[in-house]
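Some notes on the structure that comes next.
First the proteins, then the strands, lettered A, B, ... as listed; each starts at 1. The analysis underlying the following values was restricted to heavy atoms, covering all of them including side chains, and did not include hydrogens, waters or symmetry mates.
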2 protein chains.
Amino acid sequence: MKGINMIQLAKELGLSVSTVSKALGDSHEISSTTKKRVMELAKKYNYKPNPFASNLRKKKGKQIAVIIPDIVNNFFALAVDGIESVTMAKHYDTFIYLTHENLEREKSVLEHLENGLISGLIISVCTGREGYGHFQQFYESARLPMVFFDRVPDLLQFPKVISNNYESTFESTERLIKAGSKRPLFIQTEEPLYTLMERRRGFQDALVANGISFTDESLITCSENMEDNYLLLKKLFSSRKRPDGIFAPIEKFAITVYQVCRDLKLNIPKDLKVIGMTNLRTAALLNPSLSTLSQPAFDMGREAATLLLKMIEKKSYAAANDIIVLANELTIRDSV
Amino acid sequence: MKGINMIQLAKELGLSVSTVSKALGDSHEISSTTKKRVMELAKKYNYKPNPFASNLRKKKGKQIAVIIPDIVNNFFALAVDGIESVTMAKHYDTFIYLTHENLEREKSVLEHLENGLISGLIISVCTGREGYGHFQQFYESARLPMVFFDRVPDLLQFPKVISNNYESTFESTERLIKAGSKRPLFIQTEEPLYTLMERRRGFQDALVANGISFTDESLITCSENMEDNYLLLKKLFSSRKRPDGIFAPIEKFAITVYQVCRDLKLNIPKDLKVIGMTNLRTAALLNPSLSTLSQPAFDMGREAATLLLKMIEKKSYAAANDIIVLANELTIRDSV
DNA sequence: ACGTTTTACGAAAACGTTATAGCAAAAATT
DNA sequence: AATTTTTGCTATAACGTTTTCGTAAAACGT
């Protein structure tokens, strides 16, 4: 921070600090000739206003935060890419915080951000049944614009960016059935978030709409522990009443299904048709190529960021409780 | 930012602002009873010091930046994960900037960061032949601790975190040869960075060490345009003198190789043995499972961040021109 | 020519901290 | 008992901006 400051600029120009400040802010109070003089000297010295001083005085800055469960996941990586494309263009700085599905971490990040470091917040919540009181609480005290995406809480007052989980899962499930699956299976989690609930609803309704009864055997509950899941699925797939179709609403479940099938020498798609929700770029290169329902991750990030910045700049965040819904994309490959 | 501030705290406690500040900073000048009183009231009101004011006064903050080419790439995602694990633990905030292999963007990010927003910088440079003058220049004027990782410039004065590219590529190439490859091929880029050069050197030396002559035909040059690369490789693989082994030093090249083989109905590993440098989690599920040389991405991020924070806190960044070398991991699967 | 408005700038007060210097009172040293 | 030193606190000046208010001079209107 060896840089020059306004005071030195002002001195060299024979102007007051306030004039320099206004000139750099392109204020109408300053004559265009003075503005030009100021701008030129600023450029000559490569002057950059100190953001701390500026933010302190203005009581706000151009920094936002992104809180997501994980970055080693194509979906979130793409979303961050989308977010960054907007913030970069609008000259905002983007903080990133990873919760690793840990509620305590999510809470502590929020608590930390109450210090006023940021002007807005983009969030995809981590799993857990404990509700969303901490977001409510954060909002009460910080009063900052917040946008949720994909993994959204059921708090009405916040704007959200999601994808058409119900419809696209319905469609995907129908494809499984049309391809010949009589006993499709949906893999759910222990504490399903809204997003997952929607997918399950789509699955269930597709079964019913196609004359297949939805029973306990249409669902299996997997956990965060992948080894447990592997064993659980292996046991199920070895049983007499094994499913002949799978909708995996989470990437890692789809991968586990593949691993189990490989180890049990089950043939995909003959023995088991598989559709997985994932943004894996290598889905087409798996053995066999995986049919995917992929989310418009980049676009979701882009929309969320665009909305957030709009809220920040218009200060109309109280009203902006929109829900933006984008379409997932179904790609049928050899696994069906 | 509805929060309470020090002045109000001081007033309620009947103390001066400086006493409160020192008490919160756990200064030895303040008695432990007063400290306790202050801390308790601060906690009661959930007081958080304003980072802008604090940073302004102290002329530094707890924010760092990460500049990487891409986040939609398992390697960089893992590295960011590693970085964040450190910054989170030490209560630093992490900005993220993506260059998308665009030198202009890299430059403009650097220029932006000259405003003093951050206290340190972790970088993996983008490709391009234009040299690294902008980093030098940034350092001259900002004087901030900087750590490079993986894609490092050949500027001596900066500390770097890399992996043993030469040795591990040498070993990988030997495995290709031992598995029967007589004509191994290395895919290089148009403007190889230091990292890639090291890998090529390892490849070349492995050939020579195993009695295979290193010729023009041991190399092929691919570009950023994946479609061009696809056609180029397809043509080569269709020719009489096609290679029977491939070392792909970049993830996307390995994927393209798989695509070409699939389309040409070439059998991996019979017709072509493949080792790819990648951190893809799905490598084992590809058809056939891909042998990988993977980088310790998370650890590299962690080391880089640890080093950077040490430099920031010790202010000894002038001296810290270490190079930390971590080991890549070779996993042989069905593709060899 | 006189009053009024506009233009273009400057002085000074924030913004919320931290660091420096000062100063009584208490404790320790002679 | 007289001194030095330590303890525990306060007053105040930064840090580098932005913003509010004030005010000459210039421009305008009649």
Side-chain angles (χ1 to χ4, degrees), chain A residues 1-39 41-42 45-63 113-119 141-142, chain B residues 1-39 41-42 45-63 91 93 114-119 141-142 315:
Chain A
M1 264 103 40
K2 289 220 36 77
I4 195 174
N5 62 20
M6 264 193 185
I7 302 174
Q8 303 172 49
L9 277 187
K11 198 166 287 173
E12 181 158 346
L13 286 161
L15 291 169
S16 76
V17 205
S18 35
T19 305
V20 174
S21 173
K22 287 171 187 168
L24 292 172
D26 198 29
S27 160
H28 62 273
E29 291 181 42
I30 306 298
S31 74
S32 51
T33 56
T34 315
K35 276 184 196 169
K36 193 175 291 176
R37 279 215 309 142
V38 174
M39 305 276 200
L41 198 70
Y45 283 135
N46 191 27
Y47 166 76
K48 301 265 161 31
N50 179 314
F52 299 133
S54 169
N55 290 350
L56 172 60
R57 179 60 232 237
K58 294 196 297 192
K59 291 188 159 226
K60 66 167 179 168
K62 288 195 135 201
Q63 289 78 38
L113 291 176
E114 283 189 19
N115 65 6
L117 187 62
I118 54 161
S119 300
S141 77
Chain B
M1 265 100 38
K2 291 219 34 78
I4 194 173
N5 63 19
M6 265 192 185
I7 301 173
Q8 302 172 50
L9 277 186
K11 197 166 288 172
E12 180 158 345
L13 286 160
L15 291 169
S16 77
V17 201
S18 34
T19 304
V20 173
S21 173
K22 285 172 185 165
L24 292 172
D26 199 29
S27 160
H28 63 274
E29 290 182 45
I30 307 297
S31 73
S32 50
T33 57
T34 314
K35 275 183 196 169
K36 194 175 291 174
R37 280 213 310 141
V38 174
M39 304 277 199
L41 198 72
Y45 284 134
N46 191 26
Y47 166 76
K48 300 267 162 27
N50 178 314
F52 300 133
S54 170
N55 291 350
L56 172 60
R57 181 58 232 241
K58 293 196 299 191
K59 290 188 158 223
K60 65 166 179 170
K62 289 195 135 202
Q63 289 78 38
H91 305 290
D93 303 292
E114 281 189 22
N115 64 6
L117 189 61
I118 54 161
S119 300
S141 77
K315 295 185 173 165

What's the separation between atom OG in B/S32 and atom CZ in B/R37, rounded to the nearest 0.5 Å? 12.5 Å

If you check every side-chain atom of A/S16, which of C/dT18, C/dA11, D/dT18 has the closest atom? C/dA11

Between B/K59 and D/dG16, is there a contact of a side-chain N or O with OP1 or OP2 at under 4.0 Å? yes

Any side-chain N or O of A/N50 less than 4.0 Å from the OP1 or OP2 oxygen of D/dG16? no

Could you tell me whether the side chain of B/K48 and the main chain of A/L113 form a donor-acceptor pair under 3.5 Å? no

From the list C/dG16, D/dT18, D/dC9, which nucleotide is the closest neighbour of the side chain of A/V17? D/dT18

Using a 4.5 Å cut-off on heavy atoms from C-beta on, say whether the side chain of B/I4 contacts that of B/L9. yes

Checking contacts here: which listed nucleotide (C/dT17, D/dT10, C/dC9) is nearest the side-chain heavy atoms of A/T34? C/dC9

Distance check needed: C/dC15 C1' versus A/N55 CG, whole Å only. 11 Å

Quick one: A/I7 CD1 to D/dG16 C1', roughly how many Å, whole number? 6 Å

A/K60 has an atom NZ; how far is it from atom P of D/dT18, in whole Å? 12 Å

Do side-chain atoms of A/S119 reach the backbone of A/G61 as a donor and acceptor pair under 3.5 angstrom? yes

A/K58 NZ to D/dG16 P, in whole Å, measures 17 Å

Can you check whether B/S21 has a side-chain N or O nearer than 4.0 Å to OP1 or OP2 of C/dT18? yes

Report yes or no: is there a donor-acceptor pair, N or O only, under 3.5 Å between the side chain of A/R57 and the base of D/dT17? no

Under 4.0 Å between a side-chain N/O of B/K22 and OP1 or OP2 of D/dT10, yes or no? no

Compare the minimum distances between each of C/dA19, C/dG10, C/dG16 and the side chain of A/S18, then state the nucleotide with the smallest one. C/dG10

Report yes if at least one side-chain N or O of B/T19 is closer than 4.0 Å to OP1 or OP2 of D/dG8; otherwise report no. no

Which nucleotide in D/dC9, C/dG16, D/dT19 has an atom nearest any side-chain atom of B/L56: C/dG16

Can you figure out which of C/dT17, D/dT10, D/dC15 approaches the side chain of B/L15 most closely? D/dT10

Using whole Å, report how far CD1 of A/I30 lies from P of D/dT19. 13 Å

Distance in angstrom units between B/K48 NZ and C/dT17 C1', rounded: 17 Å

Specify the closest pair of heavy atoms between B/F52 and A/L117, including all atoms of both residues, with the distance to one decimal. CZ-O, 3.4 Å

Over how many whole Å does the gap from A/Q8 atom CD to D/dT17 atom C1' extend? 14 Å

Which nucleotide, if any, forms a Watson-Crick or G-U wobble pair with C/dG22, using both distances under 3.5 Å? D/dC9

Please work out if A/G14 contacts a base, only the sugar-phosphate, or nothing of the nucleic acid, heavy-atom cut-off 4.0 Å. sugar-phosphate

Option passing side-chain contact (heavy atoms from CB on, under 4.5 Å) with A/V20 (candidates A/K11, A/M6, A/Q8, A/E12): A/M6

Counting only side-chain N and O atoms of A/Y47, is one of them less than 4.0 Å from OP1 or OP2 of D/dG16? no

note: A/H28, atom NE2; D/dT19, atom C1'; distance rounded to Å ~ 12 Å

